[in-house]
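Here's the structure, in structure tokens; my notes come after.
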Amino acid sequence: MLEELCKKAFFKSLWLYHTNTGACNGCDIEVIDVLTPYYDAERFGIKLVGSPRHADVLICCGPVTRQVVPALKRLYEAVPDPKLVVAVGSCACGGGIWYDSYNIVGGVDTVLPVDYYIQGCPPRPEAILHGVAVALGLLDKQVAPEALRQLPDSSESVPIED
Amino acid sequence: MTAQELGASLQQTFGDKILQVNSPQPGRLYVTIDPDSVVEVAAHLQDDLGCRFVVNAGTDRRRQRGKFLITHFFAKDEDGIYIALHAEVDEDDPRIPSITPVVPAANWGEREFHDMVGVVPEGHPDPRRLVLADDWPEDLYPLRWDVEHGIKPPIADCTPERKPPPEGSSVVPIGPYFPALEEPAYFRIFVEGEEVVGADYRGFYNHRGIEKVGCSVLTYNQIPFIAERICGICGCVHSTCYCQAIEQAAGIEIPLRAKYLRTIMLELERIQSHLLWLGIAGHIIGFDTVLMQVWRMREPLMWLCERLTGNRKTYATNVIGGVRRDIEPDAYDDVRSVIKEIEREWQALYDSIPGDTTLMARLRGTGMLPKDMAIEHCAVGPTGRGSGVEIDVRVDHPYAAYDRLDVKKCVHDGCDNLARTLVRLDETLVSIGIIRQALDDIPEGPVLAEVSEDIPAGRQAISTVEAPRGEVFHWVLTGEDNRPERWRVRAPTYANLQVVPPMLAGSALADVPINIGSFDPCFSCTDRMEVLDINSGQLRTCSAEDLSNCRR
């Protein structure tokens, strides 16, 4: 349903606001990388903006640290509706390797409602691009075919079909 | 002067205030002193012997010794010596005289051990909280051994303590979020009209408790994985530095080929980091073409690193005793062709800078960091070298294979943003030369030493690596249960950011982003800015456009 709504709500260019919620910068650099010539996300109308008030999408990288919680909540409120939240990287998706550290609250979804998760440490630029394209409705979600899941012996390789 | 001679001279000067002197490894001096004489000894090291302050650490040794251990680290760069000044503080009266009044660079470190182990630096000029969140409970010190690493006190409302602005000035808050890159940080810039008269900094939004996790949950061999994630840009630096510290403590000699492989990866990382910085600097001054072009140059390097190690940036190549993965000889040509292409494009880039009026107008003569200020605040890396401070760990305290390679210190004495830019550009070329030389000289052989014995508890080691941003420092005190008792990490930005507030004074508000950015914390522009009109007392918020208009 979300995908259908997205197609209706975000049918024009998506403007992103990028935040680091406590990350090591690995994901942040890859997010910027997606905008540079080799990956060029701007051809999909995706643009990084300097203010949350201009944004449609909040990109969050990193586990949420204690210091960041109030700022992140304010940031989310500053983004006008309708809005999407994308968690980029393993830490943002669930706290990653820091999940039980004293200064970490958890993944981004402990503070904000997250719509899309992009995994990886850090996710490759292609993965970020793919995630955003799925969110935009440019691509269908791909899952492993039923045949692969039922395979008793995982050592036998089966090509994944599109 | 060797470390032993330095120890003897300290004993001679201070007599029985020096309780113990010990130099288990060459170039490392561990001195235990009486806590009451810490100011005297620190001042002697800095002012009379010309030592550079590095960092300080607080360790909870109540289980072993019934005391807290406070350590101040100094470096004597011209002799290649690192000095640790240990002082044991009684657990019932956890106080130690602050050395910040005589050694200004100790400011953050002392506030940090106050936060983390609860030892009070007495007489500290600015004893506010530094690392922990403002709502963290007052009497809970996370680095004490009896505090669980996973403790999560409930989040509470609170008002943070802030430095009051000077009389008659307005406050411009910047942060905590900047739209482009890097860690959140919160600057409050005090301005009179366009001129900056002072600044206050609140950072540590990215504090993830790495030292606590390393010392309470993980084992020696698991820590390189987490060390690599201290920084997503220069992670290899941290894992190398940690592995070197453990190898030094355990007396492990790693194979020569592994040393060369580490050197190659560190230099590849330096090139990508410097190019990254140059792009960001271009973005900060509103010249996005630089960002796009330079990052295009950088991308083949990322693919190369992925071919060599399996990942674009967190290489996961270091393990204790050597490296995990060899570089096959047929990959040498890949490396050579990628760096050759970067060298060619670098030349075009370098030639175009002096002719570019935009770059020159924004970089030349802005962000002045005079040499004496850089030395006083112990700036490291390109920040220091751009102000004529000739320190480079690769030359002063050689590690990996750098003692066999031709490394040149790139120093400029312009003291401005342009000098810091030129240092990084020069270093990119030097790194390319180092990689070429390393590929020519690399010997055959194993890449991993046999590590069989357990590492005995109670040993310590200091290891440093020249990261793209400056000196990375790791101190390890080995412990029981196959993990360090204390692992102290100091990233170069920790030293460099402390010089930002004094440096900003006197500059124009529009130059603040590039001045901070030129230290390479990759500060970009700001998400929002509030101006407090002191006459009416009203708060108004400026939009991003207002801000970009004032910075371009």
Side-chain angles (χ1 to χ4, degrees), chain A residues 16-33 35-40 42 48-55 61-72 74-75 78 89-91 95-106 111 120-125, chain B residues 131-136 142 147-153 155 176-184 186 204-210 212-213 217 225-226 229-233 235 276 279-280 291-293 295-296 298-299 302 306 311-314 522 524-528 543-545 547-548:
Chain A
L16 316 182
Y17 184 78
H18 168 216
T19 67
N20 172 331
T21 58
C24 68
N25 293 325
C27 303
D28 305 75
I29 303 301
E30 297 295 47
V31 168
I32 305 301
D33 218 33
L35 300 162
T36 57
Y38 275 107
Y39 303 99
D40 194 16
E42 289 193 12
L48 217 55
V49 291
S51 165
R53 294 188 196 281
H54 301 163
C61 305
V64 180
T65 61
R66 222 184 145 87
Q67 284 93 324
V68 153
V69 175
L72 189 61
R74 279 208 307 277
L75 199 61
S90 302
C91 300
I97 49 176
W98 319 106
Y99 76 103
D100 61 348
S101 171
Y102 59 88
N103 211 42
I104 299 296
V105 178
V111 182
C121 185
R124 303 167 50 86
Chain B
V131 176
L132 295 173
D134 296 314
D135 65 338
W136 187 267
V147 174
E148 282 279 318
H149 81 283
I151 191 164
K152 293 189 183 183
I155 288 180
Y177 281 119
F178 338 119
L181 280 185
E182 284 273 348
E183 50 196 346
Y186 182 52
F204 294 87
Y205 283 84
N206 288 23
H207 179 66
R208 283 157 286 161
I210 296 174
K212 179 73 176 178
V213 173
V217 196
F225 179 83
I226 209 163
R229 281 154 182 83
I230 290 173
C231 176
I233 304 171
L276 178 151
I280 298 305
L291 169 71
M292 294 298 172
Q293 289 296 342
W295 282 52
R296 180 187 54 72
R298 169 181 173 267
E299 196 56 29
M302 308 300 284
E306 188 174 8
N311 207 349
R312 289 164 56 91
K313 44 176 54 114
T314 39
C522 300
S524 172
C525 53
T526 61
D527 63 330
R528 71 170 199 294
S543 69
E545 283 101 303
L547 191 65
S548 11

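The sequence lines fix the lettering, A, B, ..., with proteins before strands; numbering per chain opens at 1. Only heavy atoms go into these numbers, but all of them, side chains included; no hydrogens, no water, no symmetry mates.
- Neither the backbone nor the side chain of Q293(B) comes within contact range of chain A; no heavy atoms are under 4.5 Å apart.
- Not a single ring pair (Phe, Tyr, Trp, His ring centres under 6.0 Å) links F225(B) to another residue, sequence neighbours left out.
- Heavy-atom neighbours of Y99(A) OH from other residues, nucleotides or ligands within 6.0 Å: at or below the threshold of 12.
- With rounding to the nearest 0.5 angstrom, the CD atom of Q67(A) is 8.5 Å from the CG atom of D135(B).
- For the pair T36(A) and R296(B), the minimum side-chain heavy-atom distance is 4.5 Å or more.
- A side-chain hydrogen bond (donor to acceptor under 3.5 Å, both in side chains) with Y102(A) is found for exactly one of K152(B), H207(B), E148(B), namely H207(B).
- With sequence neighbours excluded, the residues satisfying side chain to side chain contact (heavy atoms under 4.5 Å, CB included) with T314(B) are P122(A), E228(B), R229(B), N311(B).
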**Audit row: I32(A), W295(B), side-chain contact (heavy atoms from CB on, under 4.5 Å) steps and yes/no** = CA-CA 9 Å; I32(A) 305 301; W295(B) 282 52; 3.8 Å; yes

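- Remark: L276(B) CG to N25(A) CG distance equals 9.0 Å, nearest 0.5 Å.
- The shortest non-hydrogen separation linking S101(A) to G209(B) is OG-CA, 3.8 Å.
- Using a 4.5 Å cut-off between heavy atoms, I226(B) contacts chain A through both its backbone and its side chain.
- With a 4.5 angstrom heavy-atom cutoff, C91(A) does not touch chain B via any of its atoms.
- Between the R312(B) side chain and the E30(A) main chain, no donor and acceptor come within less than 3.5 Å of each other.
- We find that D33(A) and R298(B) are joined by a salt bridge, their nearest charged nitrogen and carboxylate oxygen being less than 4.0 Å apart.
- Heavy atoms closer than 4.5 Å to chain B are found in the side chain of V69(A), but not in its backbone.
- The distance from the CG atom of D100(A) to the CD1 atom of I151(B) is 13.0 Å, given to the nearest 0.5 Å.
- With E299(B) contributing its side chain and Y39(A) its backbone, the two residues share no donor-acceptor pair below 3.5 Å.
- The choice from R208(B), K212(B), E306(B), K313(B) that makes the most heavy-atom pairs within less than 4.5 Å of chain A is R208(B).
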